[in-house]
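To start, the structure under review is shown below, and the notes come after it.
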Amino acid sequence: MLRLSQLFVRTLRDDPADAEVPSHRLLVRAGYIRRVAPGGYSWLPLGWMVLRNVERIVRQEMDAMGAQEVHFPALLPRDIYDLSNRWNEYGDNLFRLVDRRGADYLLGPTHEEMFTLLVKDLYSSYKDLPVSLYQIQTKYRDEARPRAGILRGREFLMKDSYSFDIDDEGLQLSYDTHRATYQRIFKRLGLPYVIVKAMSGAMGGSMSEEFLAPIDVGEDTFVRCTSCDYAANTEAVTTALSVVNDTDISAPQNIPSPDCPTIVTLVNLLNAQYARADRQWTAADTLKNVVVMLRHPDGHTEPLVIGVPGDREVDMKRVAAQVSPAEVDVFDEAAFALYPALVRGYIGPTVLGLTSTSEIRYLLDPRVVLGSEWVTGANQQDVHVAHLVHGRDFTADGTIEAAEILAGDPCPLCSSPLEIARGIEIGHVFQLGRKYAEIFGLSVLDKNGKPAVVTMGSYGIGVSRAVASIAEVFHDDLGLRWPRAIAPADVHIVITGKGDDGTTQFATDLAQQLETDGLKVLLDDRASVSPGVKFKDAELLGMPIIVIVGRGLAAGTIEVRDRLANTTTDVSSDTVAAHIVTLARSDG
RNA sequence: CGGGGAGUGGCGCAGCUUGGUAGCGCGCCUGGUUUGGGACCAGGAGGCCGGGGGUUCGAGUCCCCCCUCCCCGACCA
């Protein structure tokens, strides 16, 4: 039994000034967490109970699917991460440190390397596979911008697991098993989620899906089809390729366009001086060429021009996801000086491409379809060119999904409109393939006695982030509202009375009875605290059931509030214990 | 790394324009009165006013430099 008179907690009357999102605000105000550094939080007793409850559910389900728990150090030597090149690839997000002998160490941001080496260390036969291992570990990432309390910390608790299979069919099975387990976990946690297609990013590999909790304060943007079940992170949305067959387009025509370096000025000029008979020119008629500088993990840089329809912005997040592990830098003045072929404001496709004289890589968004005609830069100051046809007058080195995705865009599967929403990434399942196995030489002997490279999957759940996500979903104006499965206690008993009126005695007996019945009770036994304060605290702290032992006791009734359903019931003091036990064991 | 906001007892804030004894509310301690919606009275404790340099008889306040935090973007469980 938890007694509020003894519990190490202090609730705050006012919202902390530095907290914006509800989970951060309420977790601090209710005394669940305290900030100690940017992206670093201490867990106080109530918060720690919630975190451990989430962890327990995750662990139970992982064990139930047959995965086995291990535990690695967070402090890891550099050489292992040099082999996978992640000492470099991870960039500034890696916490690096040096020991007394001058040796480089890092704090693990994720543990693919360690798991791969561990399996290599112990296993050497196909008979040993498949195997899935996991750990629940504190991870460290030196995030550029930690935010929203424990939603994005620099130190956070994560369940990461890895599957090892002899062939692709096995990997698919392991992947499906993890996926199903994740669905069970999030159901038990009470977290709503959408499974979206994702980019494989810096990890390499192929099939990848994210579990997003659809919450507006989330950092991921995803699309969902309004009619079929297509859903994807905007980074991973694909555009159906099509072709225009119009052989009746005029030859390219240069048009003088002084002081028209932007799409808006260009469209205005076209309508003023080159008005077309059928309709107005729009930004969608223009081909916008955006230059970025790619910085590869080995340090070398490369310019890249991306062509998108002029009515769309380039979504740098999408670009970054597709050029990963290279990083995208802005193309600044100094860079333009190095590449005179690129005329700022008048860049056009005719001088671009790896096989052109400029040797600058040129990629097109798939919306710039083969056979379509465009107005675009003519690669000289103050000149644009019209009637330039993709495939006839210019080609590119390939396609890149770069244009921003807008609500109403057609679904790539069924062409119905897409809707856009924000979400918190609470889980990620991923077919890694053989990348790490090859790097670390993880192979086993197959049936024929020949070495076969193992194929891997990697799967993560942000445990501490799940706590924040649950708080985001389950709160109201008054405070937190924990689902029964993860609440620090099942019942919060409030005593309002003078102490000599029998309320304290009754409440204490009731608490004892409920504990005997297997419930966890938080008893507000504070003397000389006014009822108003106790009510406010009970609502803020968020136990799913609030029981008030007060003035009704004289008439033989106890007030039972269901914080989740937001209902209040007066129950006879004789039967209240049974009533509460039943309520606590119901769904919710 | 770009843009915006902010650093004053544990928490929330005022004071700065116009330099002159560091304040308010909450919380905390003591005593008393209260007890169904953040009670009341009286008395208390607690502050290198983010840091460093300057200007001045005198700086929380004016000037310069630095640091930190929060929010929005670029990056990621």
Side-chain angles (χ1 to χ4, degrees), chain A residues 10-21 24-25 28-29 31 34-35 37-39 58 90-94 109-111 136-161 182 198-199 201-203 210-213 217-220 233 235 292 314-317 319-321 324-325 327-330 332 424-430 458-469 478-479 494-501 503 526-540 548-553 559:
Chain A
R10 186 105 308 157
T11 57
L12 303 178
R13 182 182 292 242
D14 300 306
D15 285 336
D18 59 358
E20 198 72 17
V21 303
H24 185 197
R25 200 161 38 83
V28 171
R29 195 146 89 83
R34 298 292 296 175
R35 177 188 170 282
V58 170
Y90 231 91
D92 292 337
N93 272 16
L94 193 64
T110 171
H111 284 75
I136 296 176
Q137 241 283 6
T138 306
K139 305 290 189 189
Y140 297 87
R141 296 183 193 173
D142 193 358
E143 296 284 349
R145 189 160 83 87
R147 66 175 285 272
I150 53 173
L151 212 46
R152 168 168 305 283
R154 295 196 296 173
E155 171 175 319
F156 59 96
L157 192 64
M158 175 169 155
K159 188 286 299 175
D160 53 329
S161 48
Y182 276 27
M199 293 297 293
M203 302 289 193
E210 289 168 346
F211 287 70
L212 300 184
V217 302
E219 298 173 289
D220 284 84
N233 196 303
E235 294 168 9
V292 295
V314 171
D315 184 335
M316 283 304 171
K317 243 179 168 166
V319 171
S324 177
E327 304 220 21
V328 180
D329 289 343
V330 294
D332 55 19
I424 299 173
E425 184 179 352
I426 49 176
H428 197 164
V429 290
F430 201 123
S458 138
Y459 318 88
I461 288 179
V463 176
S464 46
R465 176 179 285 181
V467 173
S469 304
L478 298 170
V494 172
I495 304 169
T496 68
K498 298 189 182 185
D500 56 357
D501 55 6
T503 51
R526 293 174 295 179
S528 68
V529 170
S530 72
V533 171
K534 291 184 175 180
F535 291 143
K536 290 290 183 196
D537 276 348
E539 284 147 356
L540 179 60
I548 297 155
V549 181
R551 64 183 176 196
L553 182 62
E559 189 176 324

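The structure displayed is predicted, hence computed values, not measured ones. Basis for what follows: all heavy atoms, side chains included, without hydrogens, waters or symmetry-related copies. Chain A is the first sequence line, chain B the second, and so forth, proteins listed ahead of strands; every chain is numbered from 1.
- The base-pairing partner of B:G23, taking Watson-Crick or G-U wobble contacts with both distances under 3.5 Å, is B:C13.
- Between the CZ atom in A:R25 and the CD atom in A:E20 there is a gap of 8.5 Å [rounded to 0.5 Å].
- Counting any heavy atom pair closer than 4.0 Å across all strands shown, A:D15 reaches sugar-phosphate atoms only and no base atom.
- For B:G36, the OP1/OP2 oxygens have no side-chain nitrogen or oxygen of A:T496 closer than 4.0 Å.
- In a base pair of the Watson-Crick type (N1 to N3 plus N6-O4 or O6-N4) or a G-U wobble (N1-O2 and O6-N3), with each distance short of 3.5 Å, B:G46 is matched with no nucleotide.
- Spacing of C1' atoms, B:C64 relative to B:G20, comes out at 24 Å, to the nearest Å.
- Listed candidates were B:C11, B:A77, B:G36. Nearest to the side chain of A:H428 is B:A77.
- Atom CZ of residue A:R465 and atom CD of residue A:E425 lie 6.5 Å apart, to the nearest 0.5 angstrom.
- Distance check on atom P: B:G9 versus B:G54 gives 25 Å, rounded to whole Å.
- Minimum heavy-atom separation, A:P109 to A:R141: O-NH2, 2.7 Å.
- The distance between atom CZ of A:R13 and atom P of B:G27, rounded to the nearest whole Å, is 5 Å.
- Summarising the base pairing, B:A39 is matched to B:U33 through a Watson-Crick or G-U wobble pair whose two defining distances lie under 3.5 Å.
- When the P atom is used for both B:C28 and B:G73, the distance is 39 Å, rounded to whole Å.
- Atom CZ of A:R154 and atom C1' of B:C75 are 15 Å apart (whole Å).
- Remark: the separation of the C1' atoms in B:G23 and B:U61 is 14 Å, to the nearest Å.
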Under the criterion side chain to side chain contact (heavy atoms under 4.5 Å, CB included), I'd like the reasoning laid out for A:H24 against A:L151: C-alpha separation, chi angles, the key distance, then a yes or no. CA-CA 8 Å; A:H24 185 197; A:L151 212 46; over 6 Å; no
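- Regarding A:K139, its NZ atom lies at a distance of 10 Å from the C1' atom of B:A77, rounded to whole Å.
- Only the P atoms considered, B:C29 is 16 Å distant from B:G10, to the nearest whole Å.
- Rounding to the nearest 0.5 Å gives a distance of 6.0 Å between CD1 of A:I426 and OG of A:S469.
- Between A:E143 atom CD and B:C75 atom C1' there is a gap of 8 Å when expressed in whole angstrom units.
- Nucleic acid contact for A:G31: none, since no nucleic acid atom lies under 4.0 Å from a heavy atom of the residue.
- The phosphate of B:C69 (OP1 or OP2) has no side-chain N or O of A:R147 nearer than 4.0 angstrom.
- With hydrogens and angles left out, the side chain of A:E219 and the base of B:G73 share no donor-acceptor pair within 3.5 Å.
- Nearest-nucleotide positions on RNA chain B for A:R34 and A:F211 put A:R34 closer to the 5' end.
- Between A:F535 and B:G38, no base-stacking contact is recorded for ring centres under 5.5 Å apart and planes less than 30° from parallel.
- Here B:U34 presents its P atom at 15 Å from CG of A:D501, a figure rounded to the nearest Å.
- One can place CD of A:E210 at 10 Å from C1' of B:A77, the figure rounded to the nearest angstrom.
- Taking the C1' atom of each, B:G27 and B:C66 are spaced 34 Å apart, rounded to whole Å.
- Rounded to an integer number of Å, the gap from A:H24 NE2 to B:C69 C1' is 11 Å.
- At a cut-off of 3.5 angstrom, the base of B:G27 holds no donor-acceptor pair with the side chain of A:R29.
- B:A59 and B:G51 are spaced 15 Å apart, taking the P atom of each and rounding to whole Å.
- Pairing for B:G73 is with B:C1, a Watson-Crick or G-U wobble pair whose two hydrogen-bonding atom distances lie under 3.5 Å.
- The gap from the P atom of B:U8 to that of B:C48 amounts to 12 Å, rounded to the nearest Å.
- Nearest-nucleotide positions on RNA chain B place A:R10 closer to the 5' end than the other of A:R10 and A:E559.
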